[in-house]
There are 2 protein chains.
Amino acid sequence: MDQVTIKDVAKEAEVSPSTVSRVISDSDQISFQTKEKVKNVMKRLGYQPNAIARSLVNQRCNSLGLVMARPTDRALANPFFTDIIQGIAAGTQRENYSLMLATAESYQRESEEVLNLVKTRQVDGLILMASRTNGELINNLTKENYPFVLIGRSQKYSEIPRVDNNNIKAVKDAVTTLLSLGYRDIVFLSGPKDFVVSQDRLQGYREALLEAEIPFRPELINYADFSYEAGFKKARQLFSNYQQNIDLVFGADDLLALGALRAAEERGWQVPEDIGIIGFNDTPAASLVHPGLTTIKIPIKKMGEKAAQMLVKIIEEESYQGEEIIIPTEIVWRESTAQKE
Amino acid sequence: MDQVTIKDVAKEAEVSPSTVSRVISDSDQISFQTKEKVKNVMKRLGYQPNAIARSLVNQRCNSLGLVMARPTDRALANPFFTDIIQGIAAGTQRENYSLMLATAESYQRESEEVLNLVKTRQVDGLILMASRTNGELINNLTKENYPFVLIGRSQKYSEIPRVDNNNIKAVKDAVTTLLSLGYRDIVFLSGPKDFVVSQDRLQGYREALLEAEIPFRPELINYADFSYEAGFKKARQLFSNYQQNIDLVFGADDLLALGALRAAEERGWQVPEDIGIIGFNDTPAASLVHPGLTTIKIPIKKMGEKAAQMLVKIIEEESYQGEEIIIPTEIVWRESTAQKE
DNA sequence: ATTCTTTATGCAAACGTTTGAGCAACAATC
DNA sequence: GATTGTTGCTCAAACGTTTGCATAAAGAAT
């Protein structure tokens, strides 16, 4: 319980504290014999350098901060949350840093938490989730030249260290492939308009149609919250309005797609025979439902790892200012889509 | 970027650093006028006390450590993980502590990570997940009187600060109710034998039968990994072996129950008409499948909060040694079970 | 024998706080 | 006018490290 300090080790080994310190850092100013002697004592006493004291003199604490809002829209945050944290934790660890996790009740308070961490010097840098991240905050951090990395995309700030996936391309590629499978009348079930992800995914859809020279039908674009219920309701309504003229539902999130799946089932439509369905994110549930949901998988964990890695590099390498890393996505084909004859 | 220190504030306010410090702690040794003057300067310079320096002198860093293994059995960890972290984070924050998150690749390395955090004094106390937590580790921490709280239950060590739910009672109550609904031949799909949760849940099942004086049929007890696939395979096999003689499947985890649901569907059995199904944990997917899965919900988030709260109390109150907090569970009735006529 | 290098170590200051002890200045008591 | 008490502040040590500089010892070069 009582802490063994460098002085205890020094006394026991009959050297000065500075010598012990230099043994720890494996300085070549210390003779082999002394090193051995000191190392033995350290082991015997179970000595571990006090990280706090170290941080104080080094002016660096070897820890990264992750700030996440934990608001009510749990549905969106959930699968993402797990993987992103795991990834970041893994990356952080690999770089021999610690991870401080701060959460905030709201997006607004998120900034306060961030600033608190920063100002009190509890972390050397920050990983921020882009979802709706406060623009002012990012501005401030940039201005102060404070190390940070963004996960995701913030519309207003493009020249910023970040790791992301290309939502536009992911959807565009998927839709293009779906068109080649024979689908033509594709409903797009988008998330809320004010999310950058929503806008990007929708754009991918439009670009694919444009390229394939398929006329764009505005009534097929629909907005809903990122939730199962919202997807269900919207899909049900769509199905009854346009039943003759749609053959696939593209959900901008798996939850939306799962809602649509349920709506199809309710209507007695066979999936994929009567209508195809595709989602986004490869939520765990996507593989558990029946038929399995075709979806687009983002390697979220890897994104977290990359972010941590990049942040450490920004912190440690004076000249490195960060970059934009785009992680490729992948379509996971399951039974909810098929080749149309 | 450059840090504003207490000395800068002192100089600017024409007082000594100690005075500034006492203003921060709102000591009554400082006059109202001086306090105001100093506070103004602090605000003007944007001063925030350096947490590291503070920790060094206080011998306390105001942060809690959470160590989690992130092994391959992602399925089990997943829904739990999210909520537990959110809860712990919320609790930690409310107590004005920070949260350090360390993950380990394996259960074995979990101990190393823990000891590292502890020895280097990066945290004031630990929250441990019980799943398979290393017994030796717990022994050591207890012996050293190092503050920690366990979430879940470790069989060997009962007199330990922890927050948990009562798995035995939860299952027993559920089974008792199910019996009263008319179910009688209940398959129990257990998790791996070496998990304490598995054993407890199974025991709840047996106690309920015993109390209702229903003969125990050993062939109805089956073990599987906590996974969807394992549940599916086991259930499929059971269904073909005992199709006349079972009317409900109790999955010790939602994934197992979902697998069983799928197996029933494959066989063309109607749920709940032909067979009832119940799970455990109220995984997000439980409400997304059709029919909705009846399940037992643990308020995981609340458990995390309680754990954080208790840990802080242990740290701060000399005399308080912690306690055992049992959080009640709740049955969530959905369509996969019904009153049998 | 003297000076110069080299090697191995110790000294002391610094990092930014907190806090017990000390001390002026003034008021209250006799 | 001396004594005591109170108020409001400052001084300096301490927390456990790291690191630039000084220095002692030993050997090499003159």
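Being a predicted model, the structure only gives us computed values, none of them experimental. Numbers restart at 1 for each chain; the letters A, B, ... are given by sequence-line order, proteins then strands.
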For B:Pro17 and for B:Leu56, find the nucleotide of DNA chain D with the closest heavy atom, then tell me which residue's nucleotide is more 5'.
B:Pro17
Can you tell me if A:Glu316 has over 12 outside heavy atoms packed within less than 6.0 Å of its CD?
yes
Whole angstrom value for the distance that separates P of D:dT18 from CG of A:Asp26
13 Å
Within the 4.0 Å limit for protein heavy atoms, which parts of nucleotides 21-28 of chain D are touched? Write it as a string from 5' to 3', B for base, S for sugar-phosphate only, - for none.
--------
Answer with base, sugar-phosphate or nothing: what part of the nucleic acid does A:Ser31 contact at a heavy-atom distance below 4.0 Å?
sugar-phosphate
To the nearest 0.5 Å, atom CE of B:Met129 lies from atom CD1 of B:Ile84 at 4.5 Å
Counting the atoms with a prime plus P, OP1 and OP2 as sugar-phosphate, which does B:Thr19 contact under 4.0 Å by heavy atoms, base, sugar-phosphate, or nothing?
base
Quick one about B:Gln86 and A:Thr103 (side-chain donor to acceptor, distance below 3.5 Å, no hydrogens or angles considered), yes or no?
no
With no hydrogens and no angle check, just 3.5 Å: does a side-chain donor-acceptor pair link A:Ser31 and A:Thr34?
yes
Contacted region of DNA chain C by chain B, from 5' end to 3' end of the hits, cut-off under 4.0 Å to heavy atoms, spans C:dG16 to C:dA21
State, to 0.1 Å, how close B:Leu311 and B:Gly125 come at their nearest heavy-atom pair, and which atoms those are.
CD2-C, 3.7 Å
Any side-chain donor-acceptor pair under 3.5 Å between B:Ser63 and B:Gln122?
no
Result for 5'-nearest mapping on DNA chain D, choosing between A:Lys7 and B:Ser16, is B:Ser16
Report yes or no: do A:Ser319 and A:Glu317 form a side-chain donor-acceptor pair below 3.5 Å?
no
dist B:Ile151:CD1 -> B:Leu66:CG (nearest 0.5 Å) comes out at 7.5 Å
Have B:Ser18 and B:Ser16 got a donor and an acceptor in their side chains that come within less than 3.5 Å?
yes
Base, sugar-phosphate, or nothing for A:Thr5, non-hydrogen atoms under 4.0 angstrom?
sugar-phosphate
Which part of the nucleic acid does A:Tyr47 contact within heavy-atom distance under 4.0 Å: base, sugar-phosphate only, or nothing?
sugar-phosphate
So A:Thr34, base contact, sugar-phosphate only, or nothing? Heavy-atom distance under 4.0 Å.
sugar-phosphate
